[in-house]
Amino acid sequence: MTDSSAAARVPVDSPLKTLLTGAQMLFVAFGALVLVPLLTGLDPSVALFTAGIGTLIFHGVTRVTVPVFLASSFAFIAPIQGSVASFGVSATLGGLLAAGLVYVAISQAVRLKGTAWLHRLLPAVVVGPVIMVIGLALAPVAVSMATGETSEHIGYGPAIFLSMASLLVTLVLAVFGRGLLRLIPIMGGIATGYALALAMGVVDFAPVDEAAWVSIPAFTAPSFHWAAILFMIPVAIAPAVEHIGDMVAIGSVTRRNYLETPGLHRTLLGDGLATSAAALFGGPPNTTYSEVTGAVTLTRAFNPKIMVVAACIAIGLAFVAKLGALLQTIPGPVMGGIMTLLFGSIAVVGMNTLVRAGHSLTAPRNLVVVSLILVFGIGGMQFGGGQFTLQGVSLAALVGIVLNWILPGADEDE
């Protein structure tokens with residue numbers, strides 16, 4: 001039996017194991033999940049609900065074959081802020097719903113044309129460094145959280161102590177843990193960091209005291225205005241490209257080709273429908289989470305049903321306001337310590353993609369493509385301004401695609 005066929009077999013886990021692992025995946029995604037609505041003026045409980053609904057829609061479309069969790073997309077933070085300021089929340093949600101339909105259109109193009117063109121458009125020399133950018137571009141976010149820059153009441157010293165303690169426990173459990181302990185290294189790190197934060201008196205329980213036990217999230221209906229729709233539609237290109245990288249990344253971890261089975265057209269369709277559904281309820285756009293891919297890499301939890309469990313827990317927590325508020329009391333440095341490892345794991349997956357392809361990275365053509373993808377994506381290069389700014393993963397991917405298209409092939413190089 002080959003490694004590939006062994007990895008392709010979905011393990012049958014006990015209900016307790018699946019529940020614990022699903023809860024851990026939600027813990028991993030939770031910090032970023034609620035950060036997007038907090039930055040954009042949307043409701044965090046609604047974001048929790050729409051993340052769960054979106055993940056269930058995705059797995060319904062893909063027939064529970066890909067171990068991914070969908071939640072708030074960072075690519076839309078700046079556009080949402082600009083759109084809310086210009087058109088209001090309701091019109092912005094209409095634009096986001098239209099952006100989700102762009103995914104649907106792209107998915108149908110892939111269904112009609114197949115995926116062979118994707119391999120020519122996105123070879124390993126492009127996909128590998130783009131995956132690295134997905135992880136490394138987020139590294140400053142993890143470091144800012146770990147050093148206390150995102151926490152108003154936690155200084156540098158206590159923040160470093162909490163983040164490194166959480167990271168250390170996670171590393172120890174991941175490398176040396178056995179049985180159930182090895183399954184929950186991230187949860188163990190968070191629990192340890194939270195316990196230390198309690199002992200240090202830096203946990204703020206005010207949100208818990210103010211929250212009701214059970215309440216319905218503040219859903220908001222979208223409205224449709226052409227200006228807001230035209231403003232938001234181009235933004236969908238960036239997370240659509242990132243989605244392809246995420247599918248390749250998780251496929252590299254599980255050793256399955258998700259571009260073929262269930263097919264990129266299905267994963268894009270699931271992502272698009274999830275984004276449109278989120279906008280219908282007043283939540284931010286959904287995307288496959290790199291943090292969860294890192295957690296899958298670390299824990300080797302390949303069973304997609306785990307993500308379905310995480311989605312159901314997310315939906316439940318959206319209605320238990322006090323419990324949701326308790327999760328929000330987890331100090332930023334604790335999550336930052338975990339994120340430093342998870343984002344690094346994504347970069348390693350990209351590096352592994354390059355290594356397995358066997359291309360010479362010192363060949364002039366490959367050197368140019370990889371170098372510019374990394375520097376443009378991580379260095380903060382941007383083109384355009386105002387409403388139409390191209391930067392980050394989307395810019396890196398576009399640069400890689402164009403260079404791969406116009407530069408002479410390996411035979412001509414030689």
Side-chain angles (χ1 to χ4, degrees), residues 15-57 69-72 89-90 93 145 150-154 162 166 184 186-221 274 277-284 286 289 291-292 305-335 338:
L16 177 60
K17 181 178 179 181
T18 303
L19 179 63
L20 288 175
T21 312
Q24 176 175 257
M25 294 302 172
L26 180 58
F27 270 118
V28 170
F30 188 84
L33 192 164
V34 299
L35 180 61
V36 174
L38 288 174
L39 291 176
T40 57
L42 303 180
D43 187 271
S45 293
V46 174
L48 199 59
F49 177 83
T50 55
I53 291 296
T55 300
L56 292 181
I57 290 173
F69 184 85
L70 276 67
S72 311
V89 173
S90 182
L93 294 173
M145 293 175 68
T150 60
S151 302
E152 296 180 358
H153 59 286
I154 302 178
L162 289 174
S166 304
I184 54 171
I186 298 167
M187 191 180 296
I190 293 174
T192 301
Y194 193 78
L196 291 173
L198 284 174
M200 296 165 62
V202 295
V203 178
D204 181 13
F205 286 106
V208 180
D209 296 333
E210 296 169 1
W213 277 104
V214 178
S215 65
I216 297 176
F219 297 123
T220 303
L280 280 175
F281 289 98
N286 283 317
Y289 253 28
E291 295 94 324
V292 174
K305 292 181 180 178
I306 290 170
M307 304 305 173
V308 174
V309 171
C312 294
I313 295 174
I315 294 172
L317 289 179
F319 291 91
V320 184
K322 199 170 282 290
L323 187 56
L326 179 63
L327 287 175
Q328 293 184 54
T329 65
I330 299 174
V334 173
M335 297 304 300
I338 306 297

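Here the CE-CG distance, from Met145 to Leu162, works out to 12.0 Å after rounding to the nearest 0.5 Å. From Thr21, atom OG1 reaches atom CE of Met307 across 9.0 Å, with rounding to the nearest 0.5 Å. With values rounded to the nearest 0.5 angstrom, Leu70 atom CG is found 9.5 Å from Ile57 atom CD1. The CD1 atom of Ile53 sits 11.0 Å away from the CG atom of Leu280 when rounded to the nearest 0.5 Å. Put simply, CG on Leu26 and CD1 on Ile306 are 13.0 Å apart, with the number rounded to the nearest 0.5 Å. To the nearest 0.5 Å, atom OG of residue Ser45 and atom CD1 of residue Ile216 are 12.0 Å apart.
Under the side-chain contact (heavy atoms from CB on, under 4.5 Å) criterion, Ala23 pairs with Met187, Ile313, sequence neighbours left out. Every residue two or more places apart in sequence or in another chain that forms a side-chain contact (heavy atoms from CB on, under 4.5 Å) with Leu56 is listed here: Val308, Ala311, Cys312, Ile315. Looking at residues two or more places apart in sequence or on another chain, you find no side-chain hydrogen bond (donor to acceptor under 3.5 Å, both in side chains) involving Ser215. Here Ser166 pairs with Val334, Ile338 under the side-chain contact (heavy atoms from CB on, under 4.5 Å) rule; sequence neighbours left out. In terms of the side-chain contact (heavy atoms from CB on, under 4.5 Å) criterion, residue partners of Ala278 (sequence neighbours excluded) are, by chain and number, Thr50, Asn286.
Annotation for Lys305: atom NZ does not count as buried by contact number, only 12 or fewer foreign heavy atoms lying within 6.0 Å. Shown here is Leu198, whose CG atom has more than 12 heavy atoms of other residues, nucleotides or ligands within 6.0 Å.
Heavy atoms only, all atoms of each residue included: Ala47 and Pro284 are closest at CB-CD, 3.7 Å. Of all the heavy atoms in Ala29 and Val292, the pair that sits closest is CB-CG2, 4.0 Å. Residue Lys322 comes nearest to Ala211 through the heavy atom pair NZ-O, 2.7 Å, listed as atom of the first residue, atom of the second, then distance.
Put simply, the side chain of Val46 does not reach to within 4.5 Å of the side chain of Pro37, judged on heavy atoms. Side-chain contact between Ser151 and Pro331 is absent, with no heavy-atom pair separated by less than 4.5 Å.
Each side chain to side chain donor-acceptor pair (under 3.5 Å) pair with one or both residues in residues 190-203, not counting sequence neighbours, appears once here: Tyr194-Thr329. Under the side chain to side chain donor-acceptor pair (under 3.5 Å) criterion, no residue pair touches residues 306-315, with sequence neighbours excluded.
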Worked verdict on Ile190 versus Ile330 for side chain to side chain contact (heavy atoms under 4.5 Å, CB included): CA-CA 8 Å; Ile190 293 174; Ile330 299 174; 4.1 Å; yes
Asp43/Phe219 under side chain to side chain contact (heavy atoms under 4.5 Å, CB included): CA gap, chis, key distance, verdict: CA-CA 8 Å; Asp43 187 271; Phe219 297 123; over 6 Å; no
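With Ser90 contributing its side chain and Ala221 its backbone, the two residues share a donor-acceptor pair below 3.5 Å.
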Donor-acceptor list for residues 201-208 side chains, cut-off 3.5 Å, not counting sequence neighbours:
residue	atom	partner	partner atom	Å
Asp204	OD1	Ala206	N	3.1

